[in-house]
There are 2 protein chains.
Amino acid sequence: MNPERTKATIFDVARQAGVSIKTVSRVVNNEPNVRQRTREKVLRSVQELRYQPNAAARELGGKRSRVVGLIYENAQEFSYLNDLFNGALHICEPAGYTLLLRPLTLPDPEITEHIRQFALNARVEGFVLPAPLGDLPEVTALLREMKIPFAAITPRESAPDEINILCNDEAASFSLTELLIDQGHRTIGFIKGHPDHGASAKRFAGYRQALKKHSLPYSARLVRQGYFDFDSGQAAADKLLNLSEPPSAILASNDDMAAGVIFEARGRGLSVPGDLSIAGFDDTRFSSRIWPPLTTVRQPIIKMAETAAGLLIDKLNGSATKAPEAPFECEVVIRESTAFLD
Amino acid sequence: MNPERTKATIFDVARQAGVSIKTVSRVVNNEPNVRQRTREKVLRSVQELRYQPNAAARELGGKRSRVVGLIYENAQEFSYLNDLFNGALHICEPAGYTLLLRPLTLPDPEITEHIRQFALNARVEGFVLPAPLGDLPEVTALLREMKIPFAAITPRESAPDEINILCNDEAASFSLTELLIDQGHRTIGFIKGHPDHGASAKRFAGYRQALKKHSLPYSARLVRQGYFDFDSGQAAADKLLNLSEPPSAILASNDDMAAGVIFEARGRGLSVPGDLSIAGFDDTRFSSRIWPPLTTVRQPIIKMAETAAGLLIDKLNGSATKAPEAPFECEVVIRESTAFLD
DNA sequence: ATTAGAATTGACAACGCTGTCAGCTTGCTG
DNA sequence: CAGCAAGCTGACAGCGTTGTCAATTCTAAT
């Protein structure tokens with residue numbers, strides 16, 4: 001049959017189970033001090049009546065709002081956000097938490113005020129903080145001041161007691177660079193990511209390490225600053241390709257910039273990967289849809305978001321703090337934008 | 001100074017203004033039967049104390065949850081979702097409504113059950129229904145049965161009393177086809193969109209109308225069914241390009257499929273737009289980032305979402321029903337994937 | 001002035017849950 | 001078998017708002 005027309009209240013369950021509402025409350029909230037038999041009896045009634053606690057009453061009565069906030073930079077690649085959102089939602093929902101999204105437009109001089117308002121108005125109990133928000137000191141400082149726990153998904157230096165989800169950006173960048181070196185490339189351009197993202201430094205470090213390992217000289221001229229957007233990638237490619245000794249491969253710190261590089265290369269009549277190999281980072285939705293399909297690095301965003309939300313909720317529920325997670329593994333995805341140098 | 005440490009309650013406002021809490025409630029909820037002078041006095045106290053009603057208490061006391069649900073197909077193009085979300089949020093927030101997102105994976109045989117659960121658990125008062133959800137009869141039927149108002153953003157036949165936001169897909173498709181005809185194309189392939197989307201039929205109709213106006217013959221062989229995804233676009237292009245008399249231009253019902261067409265063309269060594277002109281629909285994020293940049297149609301999604309949320313909230317607030325909006329105007333964006341036939 | 005009727009205001013009981021604390025059961029110990 | 005601590009359970013008072021309805025104040029027509 002269909003679910004009941006009128007939602008059952010805690011009172012109904014209590015009556016059905018022959019206990020007080022307080023006992024039902026204890027069972028539903030998984031509190032101690034309930035005899036096993038009683039617990040089972042109550043649980044049975046909960047099932048039968050399809051009882052779902054009323055969130056508003058819960059919040060009003062207790063102190064818990066069970067709201068998790070996910071704030072993010074509005075300009076972000078949305079496939080990333082989508083994974084993030086789906087991962088977090090997938091954990092929050094069954095745990096009885098509401099996930100609230102809040103886009104932020106960066107740079108925002110009043111960012112702390114905006115976040116504070118959001119936290120207050122939406123009664124946010126904990127935040128999921130993807131890059132680059134977890135990288136902004138004023139944001140983490142605010143949250144600490146407000147005593148709101150958060151789980152940062154970004155390679156920041158982890159503070160004790162704070163939840164940090166990271167992936168091995170550096171190793172992935174190293175592998176990607178090594179791939180190009182193995183393909184015979186000796187002058188490899190690098191386009192750095194936005195300096196406000198912790199991942200940018202990691203990716204750059206991986207590049208340098210790979211050069212070093214293979215005894216290739218590092219040249220600052222082959223490195224340009226980018227900002228994770230298409231245009232800055234294209235502009236950086238323009239500079240790199242104008243060098244007297246242009247690179248035969250360019251590694252961009254994300255796919256948007258890599259797309260900009262491809263765009264610039266095509267505009268100059270260069271064939272990719274024939275004349276120029278190009279690799280990106282992130283495996284965004286379009287990276288397999290452009291021509292040529294992009295060699296890139298895939299992060300397990302969904303898993304990372306799930307873990308972030310899970311640890312955060314554990315913390316909100318007062319569970320024991322888990323040991324910090326090992327970094328998640330990135331995966332190099334080799335497609336057709338990179339090739340052997342002939 | 002910073003906002004108050006402890007949030008002010010209605011009681012504080014009442015005391016400050018020298019009225020009863022009920023009167024404050026009336027003012028805050030914009031109810032009638034409050035003398036102008038009293039209203040102003042209360043409003044002043046509200047400002048001074050930065051009073052924000054407690055959402056949980058409000059919901060528990062009254063019947064209103066002030067939650068607007070936005071359900072969407074998870075596979076949707078994200079830039080579209082992002083616009084949708086930002087537009088809706090931009091209206092909901094200042095109106096004191098919480099916007100809750102809920103991705104759905106289609107096809108879903110239990111879709112009504114999932115939506116029902118979401119509506120019940122999250123106490124959703126009204127839904128924003130983007131395509132293709134607004135096109136599914138079981139979804140609209142469920143919402144009608146549950147007596148939950150909704151605003152559909154899709155070209156469905158509008159029922160009386162229901163909110164419908166549409167844009168002139170048909171006219172835009174007509175213009176786009178006409179553009180190709182003006183460029184000298186005479187055999188123009190068309191890839192239909194997903195049959196479950198109301199927009200698909202409209203876009204196809206625009207194509208046929210344009211052919212008719214210019215007295216070009218309609219050939220069913222030049223039309224293939226697609227499903228709005230990259231792969232179906234590529235597959236359709238494969239068939240079309242294998243025709244004994246292949247088209248010199250292909251119009252895809254969205255950008256993902258157009259990207260598939262470009263991909264297929266490149267795979268065959270065809271130059272775009274030299275050998276084949278290609279146009280899409282939607283102006284997604286990557287359409288200007290691929291090579292060649294895509295000629296496409298941009299919909300004012302943000303505005304449409306704002307309007308949808310606005311009308312929905314008006315309805316929830318019991319305001320007078322506005323006259324139905326005129327369809328929103330789409331804009332043809334001409335880029336480099338289309339060119340004159342030489 | 002007077003008074004019906006409309007406009008305005010306030011007292012008070014919900015709303016469904018959790019926190020507090022007192023009271024009742026157990027199971028053990030001596 | 002009394003005595004006591006630990007385990008379990010329930011009564012009851014909020015939480016901050018809105019709905020109801022009665023009380024009060026206006027308004028305007030006698």
Side-chain angles (χ1 to χ4, degrees), chain A residues 4 6-43 45-46 49-67 96 98 120-123 125 316-318, chain B residues 4 6-43 45-46 49-67 96 98 120-123 125 316-318:
Chain A
E4 317 305 331
T6 52
K7 291 198 81 167
T9 72
I10 197 171
F11 184 75
D12 301 322
V13 179
R15 189 155 33 105
Q16 234 237 242
V19 299
S20 74
I21 56 172
K22 182 62 212 186
T23 297
V24 177
S25 172
R26 287 203 180 85
V27 172
V28 169
N29 291 293
N30 219 11
E31 283 172 27
N33 295 333
V34 179
R35 207 192 316 165
Q36 187 56 26
R37 262 185 38 217
T38 314
R39 194 178 291 275
E40 280 161 11
K41 194 170 50 175
V42 170
L43 246 20
S45 297
V46 165
L49 298 174
R50 290 198 200 313
Y51 169 66
Q52 301 261 159
N54 176 311
R58 239 180 174 183
E59 180 178 346
L60 192 56
K63 271 104 213 274
R64 312 277 321 274
S65 69
R66 286 156 208 268
V67 168
T98 299
L120 256 32
N121 293 344
R123 298 104 48 211
E125 276 195 80
L316 294 178
N317 284 343
Chain B
E4 316 305 330
T6 53
K7 290 197 81 166
T9 72
I10 197 170
F11 184 75
D12 301 322
V13 178
R15 190 156 31 107
Q16 233 237 234
V19 298
S20 74
I21 57 172
K22 182 63 209 185
T23 297
V24 177
S25 173
R26 288 202 180 87
V27 172
V28 169
N29 291 292
N30 219 11
E31 283 173 28
N33 295 333
V34 179
R35 210 191 314 165
Q36 187 55 25
R37 262 185 38 218
T38 313
R39 191 179 294 274
E40 280 161 10
K41 193 170 50 178
V42 170
L43 248 18
S45 298
V46 165
L49 298 174
R50 290 198 202 310
Y51 168 67
Q52 301 260 159
N54 176 312
R58 236 179 178 185
E59 180 178 346
L60 191 57
K63 270 102 212 273
R64 311 278 320 274
S65 69
R66 285 157 209 267
V67 168
T98 300
L120 255 32
N121 293 345
R123 297 103 49 209
E125 276 194 81
L316 294 176
N317 285 342

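Just so it is clear: chains get the letters A, B, ... in the order the sequence lines come, proteins before strands, and each one is counted from 1.
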Q: Could you check if a side-chain atom of B/Arg15 sits within less than 4.5 angstrom of a side-chain atom of B/Thr9, using non-hydrogen atoms only?
A: no

Q: Rounded to the nearest Å, what distance is computed from the CD1 atom of residue B/Ile10 to the C1' atom of nucleotide C/dT9?
A: 14 Å

Q: Specify the separation, in whole Å, of atom CZ of A/Arg66 and atom C1' of C/dG16.
A: 14 Å

Q: Taking DNA chain D as the partner, which of residues 12-24 of chain A come within under 4.0 angstrom of it by heavy atom?
A: A/Val19, A/Ser20, A/Lys22, A/Thr23

Q: Checking B/Lys7 against B/Asp12 for the side-chain contact (heavy atoms from CB on, under 4.5 Å) test, could you report, in this order, the C-alpha distance in whole Å, the side-chain angles of both residues, the deciding distance, and whether it holds?
A: CA-CA 10 Å; B/Lys7 290 197 81 166; B/Asp12 301 322; over 6 Å; no

Q: Rounded at 0.5 Å granularity, tell me how far CG in B/Asn33 sits from CZ in B/Arg39.
A: 9.0 Å

Q: For B/Phe11 and C/dA11, what is the distance between atoms CZ and P respectively, to the nearest whole Å?
A: 11 Å

Q: Are any non-hydrogen side-chain atoms of B/Thr23 and B/Arg26 less than 4.5 angstrom apart?
A: yes

Q: For a quick test of reading the model, state the closest non-hydrogen atom pair linking B/Gln16 to B/Ser45 and the distance between them.
A: NE2-OG, 3.3 Å

Q: Do any side-chain nitrogens or oxygens of A/Ser25 fall under 4.0 Å of OP1 or OP2 in C/dC17?
A: no

Q: Which of residues 30-40 of chain A have a heavy atom under 4.0 Å from DNA chain D?
A: A/Asn33, A/Val34, A/Arg35, A/Thr38

Q: Shortest non-hydrogen contact from B/Leu316 to B/Glu125?
A: CD2-O, 3.4 Å

Q: Check this for me: does the side-chain of A/Arg26 come within 3.5 Å of the base of D/dG10 through a donor and an acceptor?
A: yes

Q: For residues 53-63 of chain B, which residues have at least one heavy atom under 4.0 Å from DNA chain C?
A: B/Leu60, B/Gly61

Q: Can you name the one residue among B/Thr38, B/Val34, B/Val27, B/Val13 that meets side chain to side chain contact (heavy atoms under 4.5 Å, CB included) with B/Val19?
A: B/Thr38

Q: What is the distance, rounded to the nearest whole Å, between atom NZ of A/Lys7 and atom P of C/dC17?
A: 9 Å

Q: Taking only residues at least two apart or on different chains, which pairs with a member in residues 28-37 of chain A satisfy salt bridge (Lys or Arg N to Asp or Glu O under 4.0 Å)?
A: none

Q: Please list, chain by chain and in numerical order, all residues satisfying side chain to side chain contact (heavy atoms under 4.5 Å, CB included) with B/Ile21, sequence neighbours excluded.
A: B/Ile10, B/Phe11, B/Ala14

Q: In the structure I gave you, are the side-chain heavy atoms of A/Leu120 and B/Arg50 within less than 4.5 Å of one another anywhere?
A: no

Q: Checking A/Arg123 now: which residues fulfil side chain to side chain contact (heavy atoms under 4.5 Å, CB included) with it, not counting sequence neighbours?
A: A/Glu59, A/Ser65, B/Ala55

